[in-house]
Amino acid sequence: MAVAVADRKRRPSFPAEVWIVSVTTFLSRSVGFLALFSTVFYTSLGLSAAALSLALFAAGVTGVLGSLAGGWAAARFGSTDVLIAGSALNVVFLFLLGLMSTEPASAIVVASLSVAVTQSFAGPAAALVTGSGYEGDTVTVVAFHRIFLSSGVTVAPIAVALVGQNNFSLLFFLSSLGSLLTTGLLLSERSRLHAAEERAATRELRADSTEFGPRPAVDTGYDASRVARVWAVVVVFGTAMAVYSQSMSGIPLSLDQVSSGGQLYGVLLVVNSVFIIAFELPLSFVTSKFRWNYALGLGIIVTGVGLAVCGLGTSWTVCIFGFVLFSLGEAIFIPQASASIARLSAPSENPRYQGYLSAAQSIGFAIGPGIGAFGVLHDRTLYWAVVVQISLAAGAVAVIAGINKGRSPNRVG
């Protein structure tokens, strides 16, 4: 009897498909030097200010298009094959970048294509993770997957420090090798991933939403209410990511008001990485008890408030406290976004909508830093007050998007 009780209390294990996608995500992100150092790379080509802005804009646009293409292709051809094709294409693009890292025009074109292919990875990967056979709440499996993503993003700068920030030929060759290894791993596990996709398409879906019960097991046709709620989550997430991106522009500019602000910014990045890796998964067990819309809205609001506290802070203590709040909000709302899309979508729709979510993130990252730089440099106090107001509004919309009046409790749609 004691053994049976212990078995019931044991946490559900993560399925093989989740481990495969997570490991390949870590591998690709740990050598994702272009994503993290694109500005430094373009600057090393000797581009003018106008040309640099154009190159970064091109990367932003192709990233959005890649996200959309990845989601649509996954819905049509399957997430597994899109991941394999994208990784294989990136082997070629990154190898070419290593050969032409001193030729501006060619390098910009190939780099933009590589960004598009890299972003096409996001939707299919999220679809495989959220559609997996994990028996717990969807937000928990997303948080588990994000540990590998965050760890890869942490490894990449360390690798750059060892190789040398200006040795882009070698960095791109290493990126190409990482994509080759990713392709090989995905190919070796292709049959297992295909089987997971087939199970996801036919599975009697579990009731992992504390608010509604199970999502539709099949695409039962157009439902204006459900589609509107999905798009509300997508738009809210894009807005939240534009606010989130202030950690890369508005915050470092605001820290000029603090003693040793440059050193403090490095500390804040470490604080964020450690917090996400250590606490996001445990937090998911807590937030999975909430209604998803409340958790999503709360996370967005806490993120904006934390950034504002840090941006307006005049001491290390206040700024670090603000960034801890920001990290807490990130750990809540980002996993909830992917999980919410999965809850609201039929299995056949999930890859496409996950692609839309990735595109919204790309748009947020494309417009957010420029807005942040302009706002902080013109009126720091007013700008951070606006950030809080935008976060409150986005959080409120997220909560409203989860209200499903007039429907039976066993429907998500």
So, [X] side chain and [Y] main chain: donor-acceptor pair closer than 3.5 Å or not?
{"X": "Thr140", "Y": "Gly136", "answer": "no"}
{"X": "Ser345", "Y": "Ala342", "answer": "no"}
{"X": "Thr62", "Y": "Ser112", "answer": "yes"}
{"X": "Arg380", "Y": "Gly311", "answer": "yes"}
{"X": "Gln257", "Y": "Ser254", "answer": "no"}
{"X": "Thr24", "Y": "Val21", "answer": "yes"}
{"X": "Ser87", "Y": "Ile84", "answer": "no"}
{"X": "Ser176", "Y": "Phe172", "answer": "no"}
{"X": "Ser260", "Y": "Gln263", "answer": "no"}
{"X": "His194", "Y": "Arg190", "answer": "no"}

* To do: Assign the ring pair Tyr356 / Trp72 to parallel, tilted or perpendicular, where the plane angle (0 to 90°) is split at 30° and 60°.
  => perpendicular
* **side-chain contact (heavy atoms from CB on, under 4.5 Å) assessment of Ile332 paired with Val302** => CA-CA 9 Å; Ile332 295 173; Val302 172; 5.6 Å; no
What distance do [X] atom [atom1] and [Y] atom [atom2] have between them, rounded to the nearest 0.5 Å?
{"X": "Leu325", "Y": "Glu330", "atom1": "CG", "atom2": "CD", "value": "13.0 Å"}
{"X": "Phe279", "Y": "Ser284", "atom1": "CZ", "atom2": "OG", "value": "13.5 Å"}
{"X": "Leu83", "Y": "Phe121", "atom1": "CG", "atom2": "CZ", "value": "4.5 Å"}
{"X": "Thr25", "Y": "Ile20", "atom1": "OG1", "atom2": "CD1", "value": "11.5 Å"}
{"X": "Leu181", "Y": "Leu185", "atom1": "CG", "atom2": "CG", "value": "9.0 Å"}
{"X": "Glu197", "Y": "Leu193", "atom1": "CD", "atom2": "CG", "value": "7.5 Å"}

* Asked: Can you name the side chain to side chain donor-acceptor pair (under 3.5 Å) partners of Thr287, sequence neighbours left out?
  ->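 Listed in chain order: nothing, the list is empty.
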What closest approach, in Å, do [X] and [Y] show between heavy atoms, and which atom pair accounts for it?
{"X": "Ala107", "Y": "Leu45", "result": "CB-CD1, 4.1 Å"}
{"X": "Glu280", "Y": "Pro335", "result": "OE2-CG, 3.4 Å"}
{"X": "Ala295", "Y": "Gln336", "result": "CB-NE2, 3.5 Å"}
{"X": "Asn90", "Y": "Ser114", "result": "OD1-OG, 2.8 Å"}
{"X": "Val155", "Y": "Ser30", "result": "CG1-CB, 3.8 Å"}
{"X": "Ser120", "Y": "Val82", "result": "O-CG1, 4.3 Å"}

* Are Asp137 and Lys289 close enough for a salt bridge, meaning some N to O gap below 4.0 Å? ->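 Between Lys289 and Asp137 there is no salt bridge, as every charged N stays at least 4.0 Å from the carboxylate O atoms.
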* Asked: Between Arg192 and Glu17, is there a side-chain N and carboxylate O pair less than 4.0 Å apart?
  ->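 No, Arg192 and Glu17 are not salt-bridged.
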* Going by the side chain to side chain contact (heavy atoms under 4.5 Å, CB included) test, name the single residue among Ile390, Val234, Ile300 that passes it with Thr239. => Ile390
* Asked: Per the side chain to side chain contact (heavy atoms under 4.5 Å, CB included) rule, which among Leu264, Asn272, Val270 passes with Leu268?
  -> Leu264
* Asked: Can you list the steps and then say if Phe168 with Phe33 is a ring pair (Phe, Tyr, Trp, His ring centres under 6.0 Å)?
  -> CA-CA 9 Å; Phe168 280 106; Phe33 308 121; 8.9 Å; no
* **Tyr294/Phe290 under ring pair (Phe, Tyr, Trp, His ring centres under 6.0 Å): CA gap, chis, key distance, verdict** => CA-CA 7 Å; Tyr294 292 149; Phe290 303 167; 8.8 Å; no
Would you say [Y] and [X] are linked by a side-chain donor-acceptor pair, where the criterion is simply a distance under 3.5 Å?
{"X": "Ser22", "Y": "His145", "answer": "yes"}
{"X": "Thr138", "Y": "Trp292", "answer": "no"}
{"X": "Asn293", "Y": "Ser340", "answer": "no"}
{"X": "Asn350", "Y": "Thr130", "answer": "yes"}

Result block: side-chain N/O donor-acceptor pairs under 3.5 angstrom for residues 357-369, not counting sequence neighbours:
residue: Ser358; atom: OG; partner: Ser67; partner atom: OG; Å: 2.9
residue: Ser362; atom: OG; partner: Gln119; partner atom: NE2; Å: 2.9
residue: Ser362; atom: OG; partner: Ser358; partner atom: O; Å: 3.2

* Any chance the rings of Phe144 and Trp19 have centres within less than 6.0 Å? -> yes
Indicate every side-chain donor-acceptor pair of residues 312-324 with a distance under 3.5 Å to a residue at least two apart or in another chain.
residue: Ser315; atom: OG; partner: Val318; partner atom: N; Å: 3.3
residue: Trp316; atom: NE1; partner: Ser259; partner atom: O; Å: 2.8

* Should Thr183 and Val91 be marked as a side-chain contact (heavy atoms from CB on, under 4.5 Å) after you check the CA-CA gap, both sets of side-chain angles, and the distance that decides it? -> CA-CA 9 Å; Thr183 305; Val91 174; 4.1 Å; yes
* Exceeds 12 heavy-atom contacts within 6.0 angstrom, atom CZ of Arg29 ->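 No, CZ of Arg29 has 12 or fewer neighbouring heavy atoms, counting only those of other groups under 6.0 Å.
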